[in-house]
Amino acid sequence: MKRREFLRMSATAAGAAMTIYLPVGWRPVRAAAKWRVGFSQCTTLEPWRVQFNKEIQAEAKQHPEIDLIITDGQDKTEKQVADCENLIVQQVNVLLISPKESAGLTGVVEKAIDAKIPVIVLDRNVDTKRITEFIGGDNLAIGRAAGEHAVKLLGGPGKAKGNVVEIWGGMGTQPAHDRHDGFHALTDKEPGIKYLLNNQSGDWKQDQAYNIMTTALRNNENINLVYGHNDPMAYGAYLAAKDAGREKDIKFFIGIDGLPDEGATWVYKGLLTATFLYATPGAEGLRQAVKLLNGQKIPPVITLPTMLITKDNAPEILRKNGLL
Ligand code: FRU
């Protein structure tokens with residue numbers, strides 16, 4: 001990274017002095033009646049993404065001075081790159097992006113920054129430090145929490161025993177790697193835990209996880225715990241087990257996301273054992289863009305909190321969301 005390309009701006013987050021990067025010479029200058037904020041969403045094929053868009057749109061309604069333009073990458077890197085190029089041509093004042101994958105979207109993010117558009121990256125990262133801010137959950141911490149919970153379910157530290165099926169999210173994304181690494185930081189300490197699959201990716205999709213699980217069931221008589229890198233995949237695995245008449249033999253299904261009408265509901269119904277909240281960065285992303293446009297300081301990173309969802313607190317979550 002060429003330091004001189006950037007204007008250093010001091011920001012304070014959690015009491016610590018930090019530095020954020022803005023394209024050199026960038027000033028929040030409003031050319032049109034409204035600020036134009038572009039949001040490149042990678043897909044709307046997954047429920048979490050749909051919720052994400054709803055939350056960013058709801059937040060945008062609170063800011064009449066903002067014109068929010070949302071694009072849908074349709075789960076294809078090339079389409080998302082083209083979307084971003086379009087938003088650059090439209091000269092958005094800030095670009096928000098939630099990338100399909102890191103490597104393929106890095107170039108166009110840099111192109112936006114070269115065009116003096118500050119970029120705020122949401123949920124999945126890109127491979128450049130030149131962005132102004134990153135907002136997302138701590139996937140390593142979530143993976144660790146999932147690993148800790150799995151060890152507990154399988155008999156406790158030092159005694160845990162069981163055969164584990166792990167279904168990866170997209171291989172080209174940091175969240176999948178972090179969710180894997182965090183989990184294994186805990187479960188690899190247990191000699192009694194065996195892994196049945198070798199890094200198999202369901203690309204975050206329920207149907208792909210269903211197919212992976214169907215094969216795993218065919219090849220393994222004894223499966224004790226399934227860890228899906230998101231709830232749709234954990235649920236897809238559950239459905240495969242159910243269709244094979246084995247859902248009762250497999251004691252534990254763990255997922256991540258915790259959407260009220262999805263993961264939390266499946267936990268409430270006893271189909272999943274646990275999930276971990278992975279809040280969407282939609283509302284916060286827009287609020288940060290507004291702050292930046294108002295000349296306020298924003299931190300380089302905002303980490304969204306998580307929480308374990310089990311049968312104990314699932315009813316409360318459903319109730320709060322009018323689902324019970
Ligand atoms: C949606 C999703 C979520 C997951 C996140 C990880 O596209 O797969 O289910 O938590 O992306 O980036």
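Quick caveat, the model's predicted, so the values are computed rather than measured. Side chains included, hydrogens not; waters and symmetry mates left out as well; all remaining heavy atoms used.
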Whether the side chain of S98 engages the backbone of C42 through a donor-acceptor N/O pair (distance < 3.5 Å, no angle test) should be reported. no

Please determine whether salt bridge (charged side-chain N to carboxylate O under 4.0 Å, His left out) holds for the pair K100 and D203, giving the CA-CA distance in whole Å, both sets of side-chain angles, and the decisive distance to 0.1 Å. CA-CA 10 Å; K100 158 87 180 146; D203 196 27; 3.3 Å; yes

With D243 via side chain to side chain donor-acceptor pair (under 3.5 Å) - residues at least two apart: Y210

Please determine if E284 and R287 form a salt bridge, counting it only when a charged side-chain N lies under 4.0 Å from a carboxylate O. yes

For the backbone of W204 and the side chain of N230, can you confirm whether one donor and one acceptor N or O come within less than 3.5 Å of each other? yes

For side-chain hydrogen bond (donor to acceptor under 3.5 Å, both in side chains), just list the numbers for N53 and Q41, CA-CA rounded to whole Å, side-chain angles, deciding distance to a tenth of an Å, and then say yes or no. CA-CA 8 Å; N53 281 7; Q41 177 62 284; 3.0 Å; yes

Shortest non-hydrogen separation from A146 to I254 and the atoms involved: O-CD1, 4.1 Å

Heavy-atom donor-acceptor pair, D72 side chain to Q74 backbone, under 3.5 Å: yes

Residues in side chain to side chain donor-acceptor pair (under 3.5 Å) with E46, at least two apart? K205

T215 side chain reached by N211 side chain, heavy atoms, under 4.5 Å: no

Taking atom CG of L272 and atom NZ of K311, what is their separation to the nearest 0.5 Å? 11.0 Å

Can you get from V267 to L225 by hopping between Ile, Leu, Val, Met, Phe, Trp and Tyr side chains that sit under 4.5 Å apart? no

Closest approach of N163 to N224 (non-hydrogen atoms, all atoms of both residues): N-OD1, 2.7 Å

Could you tell me if the side chain of Y21 sits less than 4.5 Å from the side chain of P300, heavy atoms only? no

So, R130 side chain and I113 main chain: donor-acceptor pair closer than 3.5 Å or not? no

Examine L140 and I256 and state if one hydrophobic cluster contains both, with Ile, Leu, Val, Met, Phe, Trp and Tyr joined whenever side-chain heavy atoms are less than 4.5 Å apart. no

Keeping to residues at least two apart or across chains, list the ring-ring contact (aromatic ring centres under 6.0 Å, His included) pairs with something in residues 150-169. W168-H177, W168-H180, W168-H229

Could you check if a side-chain atom of E85 sits within less than 4.5 angstrom of a side-chain atom of V89, using non-hydrogen atoms only? no

Heavy atoms of Q208 and S201 approach each other most closely as OE1-O, 4.1 Å

Approximate separation, where rounding is to 0.5 Å, of E78 CD and L105 CG: 10.0 Å

Minimum heavy-atom separation for L96 and G285, please, with both atom names. CD2-O, 3.8 Å

Can you tell me how far the CZ atom of R124 sits from the CZ atom of F134, to the nearest 0.5 Å? 10.5 Å

NZ (K111) with more than 12 external heavy atoms under 6.0 Å: no

Do other residues, nucleotides or ligands put more than 12 heavy atoms under 6.0 Å from R144 CZ? no

Any chance CD of Q91 has more than 12 other-residue heavy atoms, nucleotides or ligands included, within less than 6.0 Å? no

Ring pair (Phe, Tyr, Trp, His ring centres under 6.0 Å) with W48: which residues, sequence neighbours excluded? F52, Y278

Please identify each residue that fulfils salt bridge (charged side-chain N to carboxylate O under 4.0 Å, His left out) with E101, with sequence neighbours left out. none

Do R179 and N139 pair up side chain to side chain, a donor and an acceptor below 3.5 Å, judged on atom types alone? yes

Quick one: does D67's side chain have a donor or acceptor within less than 3.5 Å of a partner on K34's backbone? no

With no hydrogens and no angle check, do the side chains of D83 and S40 hold a donor and an acceptor under 3.5 Å apart? no

Closest contact, heavy atoms only, V81 versus G104: CG2-O, 3.5 Å

Sub-4.5 Å side-chain heavy-atom contact between L186 and F183: no

Nearest atoms (heavy-atom pairs only) where M307 meets I317: CE-CD1, 3.6 Å

Show which residues join L324 in its hydrophobic cluster (side-chain heavy-atom contacts under 4.5 Å, direct or indirect), or state none. Y268, L318, L323

Do H149 and F252 have ring centroids that are under 6.0 Å from one another? no

Report yes if the side chains of D188 and E190 come closer than 4.5 Å at any heavy-atom pair, otherwise no. no

Do C84 and I97 make a side-chain contact, defined as non-hydrogen atoms from C-beta onward lying under 4.5 Å apart? yes

Flag yes if more than 12 heavy atoms outside E148 fall under 6.0 Å of its CD atom; otherwise flag no. no

Mind checking the CD-CG spacing from Q206 to L239? Nearest 0.5 Å is all I need. 5.5 Å

Under a 4.5 Å cut-off applied to non-hydrogen side-chain atoms, are T128 and V109 in contact? yes

Going from CG on D231 to OH on Y238, what distance comes out if it is rounded to the nearest 0.5 angstrom? 14.5 Å

Polar side chain donor-acceptor pair, D138 to T303, under 3.5 angstrom: no

Which residue in the set L293, I69, N93 passes side-chain contact (heavy atoms from CB on, under 4.5 Å) when paired with V37? L293

Is a side-chain donor or acceptor of R246 paired with a backbone partner of E221 at a separation under 3.5 angstrom? yes

About how many Å separate CD of Q80 and OG1 of T43, when rounded to the nearest 0.5 Å? 9.0 Å

Within a strict 4.5 Å, meaning less than it, do heavy atoms of the V164 and L154 side chains meet? yes

I'd like to know if the side chain of T280 pairs up with that of Q51 as donor and acceptor (distance under 3.5 Å, no hydrogens or angles considered). no

Using a distance-only test with no angle check, is there a side-chain donor-acceptor pair under 3.5 angstrom linking T187 and Y227? no

